[in-house]
Structures are given as C-alpha cells and as structure tokens.
Trainee: 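This is the structure I have questions about; it appears just below.
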Amino acid sequence: GLGRLTLGAAANVVSLAEDGTHPFGFKLSGASTDSVGVSISAPAGAPPSMGITFAGQPNAGEKVYVTLTLPDGTSRTLNLEATNGPASADTFVIGATTTDTANNFKAALQSRLASEVGTTLSAASVFAAAENFFNGPGDSVQRVGGPPYDSATTLVAATPADTVMWYKGTSSTDPRHSVTARIGEHTSIGYGVEANEKGFLELMRSLAAVSVETFSASDSTAKARYDALTDRQTARLGESQNNQPGSVEVIAMELGVVRANMGSYQELGKNYRNQLETVISEMEDAPVAEVAVRLQNLQTRLEASYKTMSIVSQLSLVNYLR
C-alpha cells in the first residue's frame with residue numbers, strides 16, 4: 001500500500017494520516033511549502049494526521065515538502081513541484097480550480113508514496129528488522145507480534161522458544177575489562193572483546209540486511225532499493241563512525257594500546273632480569289686469576305704453619321738444657 005498511511009482529498013484539502021499507533025511503516029514528521037496559496041497543518045492526534053489546504057493556486061515552480069520518518073530512524077522528504085504540465089514523477093499539475101489542483105497533488109503524492117514503499121521504506125524496514133534481531137547490551141530481541149504478520153501492530157520480546165537468540169555471551173559496561181591479566185606487581189590490563197559491541201553489531205546488521213535482499217533485472221525498484229540499502233550500510237560502516245565508542249576501529253585502537261603496554265612491561269621485565277643476572281653473576285663468578293693467587297697465598301701460609309708446627313713438635317726439655 002502506501003506504507004500504512006491513508007491519503008484522501010475533500011474539496012481543496014488533501015489529508016494524510018497514519019493508519020494506527022504502531023512501529024511499522026511511514027510516520028508523519030511534518031510538511032512545508034514555499035507557496036503562499038498553500039497552508040499546512042502539522043501532524044497531530046493519535047494516530048497522527050495532517051492536512052494540506054490549497055486556499056489559492058500555487059505558482060509554477062513552487063513546491064510542497066512532506067517529511068516522513070522511516071522504521072530505522074532515518075527520514076525522507078518528498079518534494080512535489082507545481083507545474084502547468086505535463087506531470088512527471090516529482091510534479092503535480094496546477095488545475096483549473098483549487099479543488100482540481102488538490103486532486104492532482106493527491107494523485108502525485110500517492111504515486112510518490114507507492115514508489116517510496118518499494119525502495120526507501122523497504123530498505124529501512126530490512127535494517128529495522130536487523131536491528132531488532134541483532135540486539136545490543138541490555139536490549140531484547142524483538143519480533144513482530146503475530147500471526148497475522150501483515151497487519152500486525154506490535155513488536156514483542158522474543159524468547160528462545162520462538163526465536164533464535166543470536167548472542168548468548170557476556171554483556172558488560174566495560175567489555176575491555178571483562179577479561180584481565182596481571183602484567184606487573186601493581187598493574188593489570190584488560191583485553192576482553194564482546195561480539196555485541198556497537199561496531200560488530202553494525203557490521204552484522206548491515207551484512208544481514210544486504211544478504212536477505214534480492215535484486216532482479218526485471219524489478220523496476222531494484223536499483224533504487226539497492227541504493228537505499230547501500231546508503232544505510234555506508235552510514236553505519238563509514239569512516240564517520242570510526243570515533244564512536246565500540247566501533248571496530250576504536251576496539252582495534254584499544255587493543256593496540258593494551259599490546260603496547262604489554263610490550264613495555266615485557267621490555268621492563270627483560271631489563272630487570274638482566275640486572276638480577278648481573279648481580280648473581282658478580283656473586284657467583286669470581287675472577288680466576290685472583291682466586292688462584294689467593295689460593296697460592298693460602299697454600300704458602302698453610303705450608304709455613306705446618307713446618308713451624310712440625311719443628312715445635314720435635315722440641316723437648318733436653319734441647320733447653322744443653
């Protein structure tokens with residue numbers, strides 16, 4: 001249909017409304033115009049609705065902008081330009097009366113909405129499904145509340161009984177310190193990594209979203225749908241995300257810092273070992289020449305001492321009486 005929107009026209013007023021209060025389809029964000037003859041009422045109510053009133057005829061070249069929020073949180077602005085004819089995909093014909101103009105605008109907007117349903121809304125919905133399945137820390141896996149699924153109006157928390165739980169590992173506020181090792185007397189390092197960190201999540205979500213899509217040459221929406229998918233994939237995996245907490249680049253940097261710290265402490269340990277080996281070596285390894293001289297000196301003194309003792313042992317009283 002029209003992405004769960006309802007579109008109508010009465011006299012010179014075009015009405016646009018959401019078909020219910022639920023997380024699916026387009027959501028009305030607002031509208032604007034550069035034509036003084038056209039007035040717009042902001043989205044209001046539950047479910048929200050808005051009106052575009054052609055109180056006067058717009059001039060050729062003036063535009064009406066309708067902004068929609070998509071299921072993945074992105075937005076899309078449709079702009080339709082007034083023209084005297086003929087009509088194209090982005091224009092509406094100024095009629096003979098304001099009622100004719102309103103009807104022409106309604107037809108043009110209906111065509112644009114139908115086109116967006118098969119392209120941007122389809123891509124955004126696939127990414128929304130991936131985000132609801134590959135849950136982050138503290139989030140539950142979400143599934144469509146059904147059956148029936150095509151007219152469902154809720155998302156419900158999934159359970160292992162009805163849904164594959166993709167992640168059963170640890171979820172901590174500081175993944176890097178979920179695993180630690182002591183590298184010094186008073187120093188420890190954390191080198192834990194968890195698969196549900198933001199960078200890995202976005203990578204898996206993007207790969208999953210693209211892998212479930214098919215693009216046929218006979219499908220007139222294939223190119224625009226592919227562009228919408230790749231735009232979202234680029235936004236999630238591009239360099240603009242490199243400095244976000246939990247991104248693959250940040251994880252790699254943090255692990256690099258850990259590795260550098262380990263290398264520093266390893267080098268410090270080697271130096272300390274060398275110092276200890278030097279001290280022990282000085283205690284255990286005496287100079288050979290010095291030891292030989294001291295042993296020779298000791299031997300000479302011992303021999304002299306033994307000689308003296310031998311002479312003394314031969315003395316008697318007779319030797320003193322002579």
Trainee: If every non-hydrogen atom of I183 is compared with every non-hydrogen atom of N261, which pair is closest and at what distance?
Mentor: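 Between these two residues, the closest heavy atoms are CD1-O, 4.3 Å.
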Trainee: For residues E202 and Q244, determine if any side-chain heavy atom of one lies less than 4.5 Å from a side-chain heavy atom of the other.
Mentor: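 Side-chain contact under 4.5 Å: no.
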Trainee: Under a 3.5 Å threshold, yes or no: a donor from one side chain and an acceptor from the other, between S122 and S125?
Mentor: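 Checked: S122/S125 side chains show no N/O donor-acceptor pair below 3.5 Å.
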Trainee: Would you say the side chain of T83 lies within less than 4.5 Å of the side chain of I94, judging by non-hydrogen atoms?
Mentor: no
Trainee: S218 and S216: side-chain donor and acceptor closer than 3.5 Å?
Mentor: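 Present: a donor and an acceptor within the cut-off.
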Trainee: Heavy atoms, side chains only, cut-off 4.5 Å: are Q233 and R236 in contact?
Mentor: no
Trainee: What are the two closest heavy atoms between P43 and P48, and how far apart are they?
Mentor: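 Shortest heavy-atom separation between P43 and P48 comes out as CB-CB, 4.3 Å.
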Trainee: Please tell me if the side chains of Y65 and D34 come closer than 4.5 Å, counting only heavy atoms from C-beta onward.
Mentor: yes
Trainee: Rest of the hydrophobic cluster containing V66 (Ile/Leu/Val/Met/Phe/Trp/Tyr, side-chain heavy atoms under 4.5 Å)?
Mentor: L2, L5, L7, V14, L16, F26, L28, V38, I40, M50, I52, F54, V64, L68, L70, L78, L80, F92, F105, L109, L113, V117, L121
Trainee: In Å, rounded to the nearest 0.5 Å, how long is the span from CG of D90 to NZ of K63?
Mentor: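 Between atom CG of D90 and atom NZ of K63 there are 8.5 Å.
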Trainee: Check the side chains of S140 and N135 for a donor-acceptor pair under 3.5 angstrom, ignoring hydrogens and angles.
Mentor: no
Trainee: Within the 3.5 Å criterion, strictly below it, is a donor on R232 or T74 matched to an acceptor on the partner's side chain?
Mentor: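 A donor-acceptor contact under 3.5 Å links the two side chains.
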Trainee: Check the side chains of T101 and Q57 for a donor-acceptor pair under 3.5 angstrom, ignoring hydrogens and angles.
Mentor: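 Q57 vs T101: donor-acceptor pair found between side chains.
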Trainee: Can you tell if the side chain of V156 reaches within under 4.5 Å of the side chain of Q142, non-hydrogen atoms only?
Mentor: no
Trainee: Would you check if there is a donor-acceptor pair between the side chains of T69 and S29 at a distance under 3.5 Å?
Mentor: yes
Trainee: Going by an N to O cut-off under 4.0 Å, is there a salt bridge joining D219 and R225?
Mentor: yes
Trainee: Between atom CG of L237 and atom OG of S247, what is the distance when rounded to the nearest 0.5 Å?
Mentor: 11.0 Å
Trainee: Side chains of E194 and S171 only: does a donor on one sit below 3.5 Å from an acceptor on the other?
Mentor: no
Trainee: Which heavy-atom pair separates Y149 from R143 by the least distance, and what is that distance?
Mentor: OH-NH2, 3.8 Å
Trainee: Just so I know, are the side chains of E254 and V250 near enough to count as touching, which here means a heavy-atom distance under 4.5 Å?
Mentor: yes
Trainee: Determine whether H22 and K27 make a side-chain contact, defined as any pair of heavy atoms from C-beta on separated by less than 4.5 Å.
Mentor: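 H22 vs K27: side chains touch.
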Trainee: Among side-chain atoms of D100 and T97, is any donor-acceptor pair under 3.5 angstrom?
Mentor: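 Result is yes, a qualifying pair exists.
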Trainee: Kindly give the heavy-atom pair with the smallest separation between T180 and Y191, and that separation in Å.
Mentor: C-CE2, 4.0 Å
Trainee: Do N242 and E239 have side-chain heavy atoms sitting under 4.5 Å apart?
Mentor: yes
Trainee: Nearest 0.5 Å please: distance from the CD1 atom of I189 over to the CZ atom of R182.
Mentor: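 It is 11.5 Å, given to the nearest 0.5 Å.
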